[in-house]
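For reference, the structure is listed below as structure tokens.
This structure is a prediction, so every number in the text was calculated from the model and none was measured.
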Amino acid sequence: MRIYHLFIIKSEFYSSYVNNPISLYKTLENLYKFSMKDYRFGISLYHQLCELHKIDILENYCVKKNFPKRKNRYLLTQSFEKEKTILEIRPSVLVVYSNRNIPSIFNILHYYSSYIFVCDFKNKDYFWLSNQYKK
């Protein structure tokens, strides 16, 4: 099972990090691992670097697709592809749990924002979502 964290990077930082994703990954990984004593600094750094997700847009999409919901998590399944994916919607980050390396929800989310940076902290994997769908 892969666990992806999806962040929307502010456009003014995108140009600085688009060709240096390892640096962005390390910064986000440090934010992910911050202790509670560094909470205020972490929040400040997050708000400088990232945008909040538009919860209403994402939830409306999930409701229209009739995805089952429990709290802030939606179950997205593709039975014909044997995909099992859960989308957890938080204002600061989208968390995607999936048995796929590239879950089908990524195809939709790349239209949602061109500045989504995806991190799998457990596997030390990262990429710009838009790079997965370039023609």
Side-chain angles (χ1 to χ4, degrees):
M1 172 92 29
R2 301 285 303 256
I3 303 172
Y4 297 103
H5 294 77
L6 286 71
F7 301 91
I8 299 177
I9 305 304
K10 289 187 176 180
S11 59
E12 58 264 27
F13 290 105
Y14 175 81
S15 59
S16 299
Y17 287 112
V18 69
N19 293 319
N20 190 12
I22 183 72
S23 180
L24 178 58
Y25 172 78
K26 290 293 185 186
T27 301
L28 293 171
E29 183 181 42
N30 287 334
L31 278 173
Y32 178 73
K33 293 179 178 180
F34 263 160
S35 67
M36 286 307 286
K37 68 179 182 170
D38 298 323
Y39 180 75
R40 284 188 141 163
F41 176 71
I43 294 291
S44 175
L45 182 57
Y46 171 85
H47 284 293
Q48 289 176 33
L49 186 61
C50 301
E51 293 182 12
L52 294 174
H53 288 277
K54 294 175 176 65
I55 302 298
D56 55 334
I57 291 172
L58 296 166
E59 287 185 339
N60 283 338
Y61 174 79
C62 290
V63 167
K64 284 183 182 179
K65 290 294 189 176
N66 293 318
F67 295 137
K69 179 183 181 182
R70 181 178 291 161
K71 295 189 180 181
N72 62 341
R73 292 181 175 191
Y74 291 88
L75 177 62
L76 322 172
T77 57
Q78 299 289 335
S79 58
F80 60 92
E81 293 182 16
K82 298 181 182 172
E83 178 181 339
K84 291 187 170 87
T85 299
I86 295 171
L87 172 64
E88 184 176 338
I89 300 175
R90 302 182 198 167
S92 59
V93 64
L94 299 179
V95 183
V96 175
Y97 307 84
S98 184
N99 64 343
R100 295 291 176 135
N101 285 333
I102 303 294
S104 59
I105 191 65
F106 283 3
N107 188 38
I108 301 302
L109 292 173
H110 96 277
Y111 290 110
Y112 165 65
S113 174
S114 300
Y115 304 114
I116 294 179
F117 192 70
V118 181
C119 299
D120 177 348
F121 297 116
K122 180 181 173 189
N123 294 302
K124 305 222 180 280
D125 190 15
Y126 54 90
F127 53 91
W128 289 102
L129 188 59
S130 59
N131 288 350
Q132 295 296 313
Y133 297 97
K134 284 188 177 176
K135 293 183 179 179

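- Counting heavy atoms from C-beta on, the side chains of I89 and L94 come closer than 4.5 Å.
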Yes or no on salt bridge (charged side-chain N to carboxylate O under 4.0 Å, His left out) for R73 and E88, after CA distance, side-chain angles and deciding distance?
CA-CA 4 Å; R73 292 181 175 191; E88 184 176 338; 3.0 Å; yes
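- You'll find the ring centres of Y112 and Y61 outside the 6.0 Å limit.
- In terms of heavy atoms, S98 sits closest to T85 at OG-OG1, 2.8 Å.
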Verdict with supporting geometry, C50 and I9, side chain to side chain contact (heavy atoms under 4.5 Å, CB included)
CA-CA 4 Å; C50 301; I9 305 304; 4.0 Å; yes
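- Between the CG atom of L45 and the CG atom of L31 there is a distance of 4.5 Å, given to the nearest 0.5 Å.
- The minimum heavy-atom distance between Y46 and E51, with the atom names listed, is OH-O, 3.2 Å.
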For L24 and I22, run side chain to side chain contact (heavy atoms under 4.5 Å, CB included): C-alpha distance rounded to whole Å, both residues' side-chain angles, the deciding distance at 0.1 Å, then the answer.
CA-CA 5 Å; L24 178 58; I22 183 72; over 6 Å; no
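- Taking the six-membered ring where the residue is Trp, Y32 and F121 present parallel rings, their angle staying beneath 30° rather than reaching 60°.
- Ring orientation note: the planes of H5 and F7 are close to parallel, at an angle under 30° on the 30°/60° scale.
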Taking it one step at a time, do C62 and K69 satisfy side chain to side chain contact (heavy atoms under 4.5 Å, CB included)?
CA-CA 9 Å; C62 290; K69 179 183 181 182; over 6 Å; no
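- To the nearest 0.5 Å, the span separating CG on L129 from CD1 on I105 amounts to 10.0 Å.
- Atom CG of D125 and atom OH of Y4 lie 6.0 Å apart (nearest 0.5 Å).
- Atoms CG and CD1, on L76 and I86 in that order, are 8.5 Å from each other to the nearest 0.5 Å.
- H47 has its side chain within reach of L52: a pair of non-hydrogen atoms, C-beta onward, lies under 4.5 Å apart.
- Side chains of N72 and R90: no donor on one and acceptor on the other come within 3.5 Å.
- Annotation: side chain of I116 is not in contact with side chain of H110 (no heavy-atom distance under 4.5 Å).
- Exactly one residue among Y14, W128, Y17, F13 makes a ring pair (Phe, Tyr, Trp, His ring centres under 6.0 Å) with Y115. That residue is Y14.
- Scanning both residues, C119 and L28, for their nearest heavy atoms gives SG-CD1, 3.9 Å.
- A heavy-atom distance below 4.5 Å is found between the side chains of V118 and F106.
- For the atom pair CD1 (I8) and CZ (F117), the distance works out to 14.0 Å, reported to the nearest 0.5 Å.
- In terms of modelled atom types and a separation under 3.5 Å, the side chain of D120 and the main chain of N101 share no donor-acceptor contact.
- Heavy atoms of other residues, nucleotides or ligands lying less than 6.0 angstrom from NZ of K10 number more than 12.
- The shortest heavy-atom contact between S130 and S114 is OG-O, 3.8 Å.
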Steps toward ring-ring contact (aromatic ring centres under 6.0 Å, His included) verdict (Y126, Y25)
CA-CA 7 Å; Y126 54 90; Y25 172 78; 4.8 Å; yes
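- Taken to the nearest 0.5 Å, the OG atom of S113 stands 8.0 Å off from the NE2 atom of H53.
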Step by step, would you call L109 with L58 a side chain to side chain contact (heavy atoms under 4.5 Å, CB included)?
CA-CA 9 Å; L109 292 173; L58 296 166; 3.8 Å; yes
